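Just so it is clear, the values below take in all heavy atoms, side chains as well, and ignore hydrogens, waters and symmetry mates. If you're wondering where the values come from, they're calculated on a predicted model, not measured in any experiment.
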Amino acid sequence: MSTSSIQQSTQNKTTLMARFHKFLQVIDFAQVLRQSNAYRVRGIKLTKLVSWILLTLFQRLTLNRSATPTAFSKKTVRNFLNDRHINWQRLVSLAGRNQIAELSPFIDLRRKAALIIDDTLFKRAHSKKTELLANVYDHAAPQGQPRYVKGFRGLTIGWSDGNTFLPLNFALMSSDKAKNRIGREPQTTDQRTLAAQRYAQAKRHMNEVAVELVAQVLKNRGQGQLCPL
């Protein structure tokens, strides 16, 4: 019975991987990667690497707990995710745009599309040396619990037609007040790099960043892609 279970699990993984790969083909993810300054790593197709990452996430596993892929190493995955040359905001925006384009023929024209702005608290209670770690205000804290906790706020811009929600942009926010930032300041030399821009963005006021992210979404939408915005 155990052997059968293992075979079934392997078959399910293979099926899911094929579906993820097909999904990335449908939204032309290879082109999205190139437009976001992401290219092959040592001859490895990034669509296969991203398919493996999606499979790991859907299994609710971390990189450490997941099985080692056969075509590349986990170090390659980490290097890809930590690549400071990739414009991750543009990648999410373009991928979301292409998904909306694929969904458009199936959306009832009577539905009204809208952009939704959301911020989510990411608690990092046990972190000490994380870059730009901050004391952030917890609006949902129960009465009697501390209002300020260590962590970040995840700012997300999403598209919705009232039935489907797709993220189109994001920013990880620290605090615009220096006294609330308790993590180490990042060491950046060239302020023109994407990394330096993201660090600066994390320390700005959230309302200003939200407006900036919406402007980026509208700029990347193409001709009529964000129907019917």
Side-chain angles (χ1 to χ4, degrees), residues 16-38 46-47 49-60 80-81 83 86-122 136-140 151-174 176 194 197-198 200-229:
L16 276 175
M17 181 72 79
R19 290 178 178 176
F20 289 140
H21 195 63
K22 180 62 177 178
F23 165 73
L24 296 179
Q25 288 180 328
V26 169
I27 65 171
D28 198 9
F29 197 70
Q31 177 68 15
V32 169
L33 286 167
R34 288 191 292 270
Q35 292 176 327
S36 306
N37 204 32
L46 290 185
T47 49
L49 191 147
V50 173
S51 296
W52 183 86
I53 294 174
L54 291 174
L55 176 64
T56 301
L57 291 174
F58 272 74
Q59 291 178 311
R60 298 184 178 182
F80 169 71
L81 295 175
D83 192 337
I86 300 175
N87 191 331
W88 294 102
Q89 289 183 343
R90 181 170 174 78
L91 186 148
V92 171
S93 185
L94 295 178
R97 180 199 68 184
N98 290 356
Q99 289 179 71
I100 295 171
E102 290 295 324
L103 291 174
S104 294
F106 309 101
I107 298 176
D108 192 328
L109 295 178
R110 292 172 295 180
R111 290 187 177 275
K112 299 296 183 181
L115 292 178
I116 298 173
I117 302 175
D118 176 73
D119 72 292
T120 303
L121 176 64
F122 291 108
V136 293
Y137 188 78
D138 185 2
H139 298 274
F152 303 91
R153 300 205 73 88
L155 182 61
T156 303
I157 310 297
W159 173 92
S160 177
D161 64 348
N163 184 50
T164 303
F165 179 85
L166 293 172
L168 291 178
N169 213 337
F170 72 98
L172 190 63
M173 304 300 298
S174 178
D176 58 326
L194 279 171
Q197 293 173 21
R198 296 296 176 263
Q201 186 181 64
K203 295 186 287 186
R204 291 168 51 202
H205 198 279
M206 188 176 296
N207 291 347
E208 297 176 358
V209 176
V211 173
E212 182 179 285
L213 295 183
V214 170
Q216 291 176 7
V217 167
L218 297 177
K219 180 181 179 180
N220 293 328
R221 65 178 175 175
Q223 295 297 325
Q225 297 288 356
L226 294 181
C227 69
L229 286 175

Measure from the side-chain N and O atoms of D176 to the backbone N and O of H205, and report whether any donor-acceptor pair falls under 3.5 Å.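 Pair absent, no side-chain N/O of D176 close to backbone of H205.
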Contact check, side chains of [X] and [Y], non-hydrogen atoms, under 4.5 Å:
X: F20; Y: L16; value: yes
X: V92; Y: N169; value: no
X: Q25; Y: K22; value: yes
X: L194; Y: N37; value: no
X: F122; Y: V136; value: no
X: L103; Y: L166; value: yes
X: Q89; Y: V217; value: no
X: L115; Y: W159; value: yes

Residues two or more places apart in sequence or in another chain: which of them pass salt bridge (charged side-chain N to carboxylate O under 4.0 Å, His left out) with R153? D119
Atom pair [atom1]/[atom2] of [X] and [Y] - distance to nearest 0.5 Å:
X: I107; Y: N163; atom1: CD1; atom2: CG; answer: 9.0 Å
X: L55; Y: R19; atom1: CG; atom2: CZ; answer: 12.0 Å
X: I27; Y: E102; atom1: CD1; atom2: CD; answer: 8.5 Å
X: L33; Y: D28; atom1: CG; atom2: CG; answer: 9.5 Å

In terms of heavy-atom contacts, does CZ of F58 have more than 12 from other residues, nucleotides or ligands at under 6.0 Å? no
Apply the test side chain to side chain contact (heavy atoms under 4.5 Å, CB included) to residues T120 and T156: give CA-CA distance (whole Å), side-chain angles for both, the deciding distance (0.1 Å), then the verdict. CA-CA 8 Å; T120 303; T156 303; 5.6 Å; no
Could you give me the CA-CA distance, side-chain angles and deciding distance for L81 and I53, then say whether side chain to side chain contact (heavy atoms under 4.5 Å, CB included) is met? CA-CA 10 Å; L81 295 175; I53 294 174; 3.9 Å; yes
Between R90 and N220, does a side-chain hydrogen bond (donor to acceptor under 3.5 Å, both in side chains) hold up when you go through it step by step? CA-CA 8 Å; R90 181 170 174 78; N220 293 328; 2.8 Å; yes
For [X] and [Y], which heavy atoms make the closest approach, and how far apart are they?
X: S174; Y: F152; answer: CA-CD2, 4.3 Å
X: A171; Y: Q201; answer: CB-OE1, 3.6 Å
X: M17; Y: S51; answer: SD-CB, 3.4 Å
X: S36; Y: L94; answer: OG-CD1, 4.3 Å
X: F165; Y: S160; answer: CD1-CB, 4.3 Å

Positive for side chain to side chain contact (heavy atoms under 4.5 Å, CB included) with N87, one of Q197, R198, Q35: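 When side chain to side chain contact (heavy atoms under 4.5 Å, CB included) is applied between N87 and each of Q197, R198, Q35, only R198 qualifies.
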